[in-house]
2 protein chains.
Amino acid sequence: MEQYSGQLDGIFQALADPTRRAVLARLGAGPASISELAKPFEMALPSFMKHIRFLEGSGLIRTRKQGRVRTCLIEKKQFAAVETWLSEQRALWEGRTDRLERFVAAAQRKGETP
Amino acid sequence: MEQYSGQLDGIFQALADPTRRAVLARLGAGPASISELAKPFEMALPSFMKHIRFLEGSGLIRTRKQGRVRTCLIEKKQFAAVETWLSEQRALWEGRTDRLERFVAAAQRKGETP
DNA sequence: AAGTTACTTAGCCATTGCGCTAAGTGTCGC
DNA sequence: GCGACACTTAGCGCAATGGCTAAGTAACTT
């Protein structure tokens, strides 16, 4: 629960970039190699790779290298963190004051998390 | 539809910070003034204000000043953009079977299958 | 063996993000 | 009116982001 907030930092930041969201959308249709993913973007490969590494770091995708090809695939489980956060938030304004106390307390404690 | 993506940039980036998520959580319980919101954080007020402005810029909150007090309230509608994106994403990988078939077929045609 | 392919590494640069302090503005309470 | 209060503006510093090029490595292909 403590790393939950820190994970959300990375996840939301990963989602904050249109290139990365587009990659996720593409990977929703199935795994793909780096160069295949990069093709639609007018970006130098090293720049594109940074996005891939960022996505991987956030846990939203996994990658595996076989031979000279690195294949990326989406990590659906990680999206659950977003949904959880959303429904917590929704629960708050729908009047669940019991959860509110726990949630706000946890959120304030987060200041100590790296 | 194009500003949808641009909006998501701002929304996700706003959500990428724990201070801002905590503010949203607090505002889920009802409107609050800047100083009331700032109280739990060990942050100088101008620093905190930047978070408020960021949240306001992303559309996740609205603020209104009466007298010397600025009151903030959550803009629930904006959260729908996140949900929409999430369900679009989910739709991609859940309606994936037909796309997957095409993907695999194409990969096999090119002899790229591992 | 040599060339092509598919990344990788290692920089550089401009911009943005997130914190700070110091000083300013406009209200309110006495 | 005068001070306290609630922001607000201005500017500084540092780290991270998002782009680039140039050059390197490892795995096929021929």
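Lettering of chains follows the sequences in order, A, B, ..., and the numbering in each one begins at 1.
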Query raised in the report: Between the base of dG19(C) and the side chain of Lys50(B), is there any donor-acceptor pair under 3.5 Å?
Result: yes
Report task. Could you tell me whether Glu36(B) contacts a base, only the sugar-phosphate backbone, or nothing, with contacts defined as non-hydrogen atoms closer than 4.0 Å? Result -> nothing
Query raised in the report: Which one, dT8(C), dC18(C), dT21(C), comes nearest to the side chain of Asp17(B)?
Result: dC18(C)
Query raised in the report: Would you call Lys39(A)-Glu36(A) a salt bridge at under 4.0 Å N-O?
Result: no
Query raised in the report: Taking for each residue the nucleotide of DNA chain D bearing the nearest heavy atom, is the 5' side occupied by Gly67(A) or by Phe54(A)?
Result: Phe54(A)
Query raised in the report: To the nearest Å, how far apart are Glu42(A) CD and dG19(D) C1'?
Result: 13 Å
Query raised in the report: Roughly how many Å is it from CD in Gln66(B) to P in dC7(D), rounded to a whole number?
Result: 11 Å
Query raised in the report: Quick one: is Ser35(A) getting a side-chain N or O under 4.0 Å of the dC7(C) phosphate, OP1 or OP2?
Result: yes
Query raised in the report: Reckon Ser33(B) has a side-chain N or O less than 4.0 Å from the OP1 or OP2 of dA6(D)?
Result: no
Query - Gap between atom CG of Leu15(A) and atom CD of Gln13(A) - 0.5 Å precision - result: 10.0 Å
Requested in this report: Round to the nearest Å and state the distance from Asp9(B) atom CG to dT15(C) atom C1'.
Outcome: 15 Å
Report task. Round to the nearest Å and state the distance from Met43(B) atom CE to dC7(D) atom P. Result -> 16 Å
Requested in this report: Describe the nucleic acid contact of Ser47(A) in one word from base, sugar-phosphate, nothing, applying a heavy-atom distance below 4.0 Å.
Outcome: base
Query raised in the report: Going by the angle between their ring planes, with limits at 30° and 60°, are Phe79(A) and Trp93(B) parallel, tilted or perpendicular?
Result: perpendicular
Query raised in the report: Which part of the nucleic acid, if any, lies within contact of Leu45(A), taking any heavy atom under 4.0 Å across all strands shown: a base, the sugar-phosphate backbone alone, or nothing?
Result: base
Query raised in the report: Can you check whether His51(A) has a side-chain N or O nearer than 4.0 Å to OP1 or OP2 of dG19(D)?
Result: yes
**Report entry** Polar side-chain contact Arg68(B)-dC5(D) base: donor and acceptor under 3.5 Å
**Finding:** yes
Query raised in the report: Please give, in whole Å, the distance from dG26(C) P to Ile34(B) CD1?
Result: 18 Å
**Report entry** Whole angstrom value for the distance that separates P of dG19(C) from CD1 of Ile52(B)
**Finding:** 12 Å
Query - Nearest-Å distance for atom pair CZ/P, residues Arg70(A) and dA27(D) - result: 12 Å
**Report entry** Protein-nucleotide distance (Met49(A), atom CE; dG19(D), atom P), rounded to Å
**Finding:** 14 Å
Requested in this report: Would you mind checking if Arg90(B) and Glu83(A) are paired as a salt bridge, meaning a charged N to carboxylate O distance below 4.0 Å?
Outcome: yes
**Report entry** Closest to side chain of Arg53(B), choosing from dC20(C), dC20(D), dT9(D)
**Finding:** dT9(D)
Report task. Could you verify whether a donor N or O on one side chain and an acceptor N or O on the other, from Thr63(B) and Arg70(B), lie under 3.5 Å apart? Result -> yes
Query raised in the report: For dT8(D), does OP1 or OP2 lie under 4.0 Å from any side-chain N or O of Lys65(B)?
Result: yes
